[in-house]
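Please read the structure below before turning to the comments.
A quick note: this is a predicted structure, and the numbers were derived from the prediction, not measured.
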Amino acid sequence: SKFFEVYPVPSDFLDAKPAEVLDVIRPLGLFPGRMKSLVAVTQRFLEMEEFNVGLSKELKIYGIGEFGFHSFQLFCLGEIINPKDKA
């Protein structure tokens with residue numbers, strides 16, 4: 001996607017001007033509210049020795065709720081889960 005062409009590494013994304021990023025993410029269906037989530041996930045990714053997501057206070061990332069947490073467990077960790085949500 002154009003996003004990864006323009007921002008091949010996380011720090012490129014964090015260093016970019018918000019208006020430029022919005023032009024790139026808008027065709028992906030992502031808007032200003034999602035940008036805050038992208039920034040939070042990217043900062044956490046760069047800060048953590050081993051990236052992890054959770055619902056507890058120490059692992060919570062802005063914009064990542066139960067659905068995102070279950071997606072992380074399934075697709076990133078390969079864990080078999082039984083989500084209670086209906087999504």
Side-chain angles (χ1 to χ4, degrees):
S1 80
K2 183 177 179 182
F3 182 86
F4 292 110
E5 290 174 18
V6 177
Y7 311 111
V9 296
S11 57
D12 290 343
F13 164 67
L14 291 179
D15 292 341
K17 294 178 181 170
E20 293 171 2
V21 174
L22 287 173
D23 287 341
V24 174
I25 66 173
R26 190 168 279 113
L28 300 173
L30 304 174
F31 300 99
R34 292 286 187 209
M35 176 135 166
K36 186 174 177 181
S37 298
L38 288 171
V39 169
V41 169
T42 304
Q43 287 173 331
R44 180 69 62 90
F45 177 80
L46 292 173
E47 292 169 357
M48 296 179 89
E49 188 173 316
E50 182 177 335
F51 184 75
N52 202 354
V53 175
L55 299 176
S56 63
K57 186 176 180 176
E58 59 274 352
L59 293 177
K60 180 77 173 108
I61 301 174
Y62 176 85
I64 306 295
E66 189 173 354
F67 181 83
F69 173 58
H70 288 152
S71 297
F72 176 76
Q73 288 178 299
L74 178 64
F75 297 111
C76 297
L77 303 178
E79 295 178 2
I80 304 300
I81 57 167
N82 187 14
K84 294 175 178 61
D85 64 356
K86 302 294 182 201

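- Remark: F45 engages F51 in a ring-ring contact (aromatic ring centres under 6.0 Å, His included) (not counting sequence neighbours).
- Contact record, I64 with G68: CG2-C, 3.9 Å, taken as the closest heavy-atom pair.
- Proximity of V6 to F13: side-chain heavy atoms (C-beta onward) are nowhere separated by under 4.5 Å.
- Closest of all the heavy-atom pairs between R44 and E58 is NH1-O, 3.6 Å.
- Annotation for N52 and I61: closest pair O-CD1, 4.3 Å, computed over non-hydrogen atoms.
- Not a single ring-ring contact (aromatic ring centres under 6.0 Å, His included) links Y62 to another residue, sequence neighbours left out.
- Transitive grouping of hydrophobic side chains (ILVMFWY, heavy atoms separated by less than 4.5 Å) keeps I81 and F67 in distinct clusters.
- Summarising the geometry of S37 relative to G63, their closest heavy-atom pair is OG-CA, 3.4 Å, with the distance given to 0.1 Å.
- Annotation: the span from E20 atom CD to D15 atom CG amounts to 11.0 Å, rounded to 0.5 Å.
- Summarising the geometry of E5 relative to P8, their closest heavy-atom pair is O-CD, 3.9 Å, with the distance given to 0.1 Å.
- Of all heavy-atom pairs between V21 and A16, the closest is CG2-CB, 3.6 Å.
- Linking Ile, Leu, Val, Met, Phe, Trp and Tyr whenever their side-chain heavy atoms come within less than 4.5 Å leaves V53 and L74 in two separate clusters.
- Note that OH of Y7 is 8.0 Å distant from NZ of K2, once rounded to the nearest 0.5 Å.
- Counting heavy atoms of neighbouring residues, nucleotides and ligands inside a 6.0 Å radius, atom CZ of R34 does not exceed 12 of them.
- Under the 4.5 Å side-chain criterion, counting only non-hydrogen atoms from C-beta, L46 is in contact with L14.
- Contact annotation: the side chain of L59 never approaches that of F69 to less than 4.5 Å [non-hydrogen atoms, C-beta and beyond].
- The distance from the OG1 atom of T42 to the CE atom of M35 is 9.5 Å, given to the nearest 0.5 Å.
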